Amino acid sequence: MQNEKVALFIIFGGSGDLARRKLYPSLFRLYQKGYLKDHFAVVGTARRPWTNEYYHNIIKESLADLKPDDAQATAFADHFYYQSHDVTNTEHYVVLRDLAAKLDQKYQLNGNRIYYMAMSPRFFGVIAGHLKSEQILTDAGFNRLIIEKPFGHDFQSAKELNSEIRTSFSEDQIYRIDHYLGKEMVQNISAIRFGNNIIESLWNNRYIDNIQITLSESLGVEERAGYYETAGAMRDMVQNHISQIATLLAMEPPVSFSAEDIRNEKIKVLRCLHIDTIEEAKRNFVRGQYGAATIDGQQLDNYRDADQVATDSNTETFVAGKMEFENFRWSGVPFFVRTGKRLAQKATRVDVVFKQVPQNIFKAASDNDELAPNVLTIYIEPTEGFGLRANAKQIGQGYATRPVDLDFRHSARATANSPEAYERLLLDALNGDSTNFTHWDELAQTWRFADVIEQAWAQEPAADFPNYVSGSMGPKAADELLARDGAKWVFDPARPEIEN
Ligand code: NAD
């Protein structure tokens, strides 16, 4: 049996989409694995006037995909309590304090509390303030605050939000979720880099030509258009997930694999992230918005035709850009990043493109003048693994070469059994391990970086939106951006038959 964790969870937004789709199933998996057993309880709060019985049914419904044993699901749901709660009403926190104290006694929770903000960020400050003023924070055990994205809209608003929550929680009590940091292969970046001499020895500007990070989605905005319209791909993906992946790729080896040592290295390399001027931002970043297309007989409409989206919306659904870390290791190596909706294929991956050998001595024997570059690919989604593209001799007479792939993918069975991102992160928070959460100093740097690009774009609304068809890999400008540096995207999936 696993080491049992002891805590009370208080979830703000207990009736919401995140709680149902991610948090309850993840807590259940921790329960099945014995991390949560007898000494835990969950208070779900939201505005609706639900009973505990009704809430228990919601919990059980949320587990349907896991096909749980009935008795086990019921025993799990029995640990859940519902409180109808308006986050701006002080009296409701008094009720919550009493309920928390009662559950603490009933389940012997030692005053350990995890507060989960699974609702609109505009309430984070008011909740954190009340947790302190109404003495829901305990002196006996730990108090940890898990907070969801988006963390601010720009540097200034993030700073204000941070000041608000810091009045009640210290930095080491705050766990800012970036769920990409909970993904198996994102965590594996460090193992691949720091566990392999042949990789780490080449991990610098002498041997690497450029690094490419792609987070492409095939779906459009679907039902998230209201939020997306105020955010765009830059805030939704680049400022957080892509910047975090770039940081893990760029940081120096930490002294040890402790949360503190890793964080120090992440912050250090983020301080080397070149912050563009407005003019540079216009040159180094391109934006796009998807347009209508018919793919395999299915009609897909313009982003601008989605519900809650302005018909002249300037919101970008695609970003490609060049990030640069100015230090000894990375000077001159562009980190090309790309993300977008309605692209040809859903995938998250990193392609590390190595420099060519100084001379192609096989030229006379091959049809191609140039050897293919060596590429290390880290597959994050949907398959997980990594591969190395190397040049080898073609079978037969002569010395014609061709690229071959040394490929390792985790099996479907191994990945099916591996913990889901939210499950890992919840367990990390229970363990007090903040390695895979975002520190304020990291956020401050990435917001400063993102702000300039946003400012550049605000100065000049996009005249050409929509500028890429659904099902493509984004606007032409994204290819031209790399071509300027003599590079091209390694990941260029076959585009489906599109009629525009
Ligand atoms: P949601 O709209 O589905 O749920 C919001 C919850 O807040 C509901 O339980 C609602 O009852 C409650 N609520 C709203 N106003 C309230 C008030 N005044 N008092 C008390 N309760 C109130 O939202 P969601 O999709 O679950 O997202 C929650 C948070 O998680 C947001 O910050 C979002 O950006 C973030 N997030 C969500 C997802 C996701 O997959 N849903 C992914 C990443 C981040």
Side-chain angles (χ1 to χ4, degrees), residues 9-27 42-51 54-55 58-59 61-62 65 80-96 99 115-131 134 136 145-153 157-158 161-162 164-165 174-183 215 217 219 221-233 235-242 244 307-308 339 341 348 381 420-423 425-426 429 436-438 443:
F9 292 85
I10 302 181
I11 298 178
F12 295 94
S15 64
D17 176 69
L18 181 78
R20 295 190 208 203
R21 274 193 317 113
K22 298 289 180 191
L23 305 187
Y24 301 149
S26 298
L27 288 171
V42 182
V43 178
T45 78
R47 276 173 308 185
R48 298 176 198 183
W50 287 352
T51 61
Y54 188 84
Y55 187 41
I58 296 282
I59 303 298
E61 269 171 35
S62 74
D65 285 351
F80 284 68
Y81 297 80
Y82 184 77
Q83 194 212 335
S84 174
H85 182 103
D86 181 340
V87 291
T88 57
N89 184 328
T90 302
E91 281 165 28
H92 288 181
Y93 290 90
V94 177
V95 180
L96 181 59
L99 176 60
Y115 312 92
Y116 202 118
M117 306 262 191
M119 57 190 302
S120 166
R122 69 180 190 279
F123 297 124
F124 293 170
V126 76
I127 298 172
H130 277 95
L131 289 175
E134 301 319 304
I136 296 172
L145 176 71
I146 306 186
I147 197 157
E148 271 293 339
K149 79 167 194 185
F151 197 94
H153 188 72
S157 58
L161 171 58
N162 200 48
E164 279 184 317
I165 56 175
I174 302 170
Y175 293 72
R176 297 179 193 81
I177 290 250
D178 183 321
H179 71 278
Y180 272 74
L181 294 179
K183 290 181 189 285
L215 266 70
E217 299 178 279
L219 292 178
V221 280
E222 317 303 310
E223 65 290 335
R224 286 179 72 225
Y227 155 72
Y228 200 83
E229 181 69 347
T230 63
R235 294 189 177 93
D236 193 42
M237 300 296 249
V238 180
Q239 179 274 329
N240 37 42
H241 312 314
I242 285 187
Q244 282 293 335
D307 258 2
Q308 303 182 65
T339 184
K341 294 198 177 285
T348 302
E381 271 172 341
E420 213 260 342
Y422 273 90
E423 177 188 343
L425 296 175
L426 281 168
N436 295 311
F437 294 84
T438 312
L443 265 179

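Indexing begins at 1, ligand by ligand and atom by atom, following the structure's order. Nothing fancy with the numbering, it's 1 onward along the sequence. All values derive from a computational prediction rather than experimental measurement.
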Within the 3.5 Å criterion, strictly below it, is a donor on His179 or Lys22 matched to an acceptor on the partner's side chain?
no
Compare every heavy atom of Phe151 with every heavy atom of Asn162, then report the nearest pair and how far apart it is.
OD1-CZ, 3.7 Å
Kindly give the heavy-atom pair with the smallest separation between Tyr82 and Arg48, and that separation in Å.
OH-O, 2.6 Å
Using a 4.0 angstrom limit on heavy atoms, which residues are close to ligand 1?
Gly13, Gly14, Ser15, Gly16, Asp17, Leu18, Arg21, Ala46, Arg47, His85, Asp86, Val87, Ala118, Met119, Pro121, Phe123, Glu148, Lys149, Pro150
How about Ile59 and Val42: do any of their side-chain heavy atoms sit closer than 4.5 Å?
no
Side chain to side chain contact (heavy atoms under 4.5 Å, CB included) against His153, all qualifying residues, sequence neighbours excluded:
Ser157, Arg235
Between Tyr227 and Gln308, is any pair of side-chain heavy atoms under 4.5 Å apart?
no
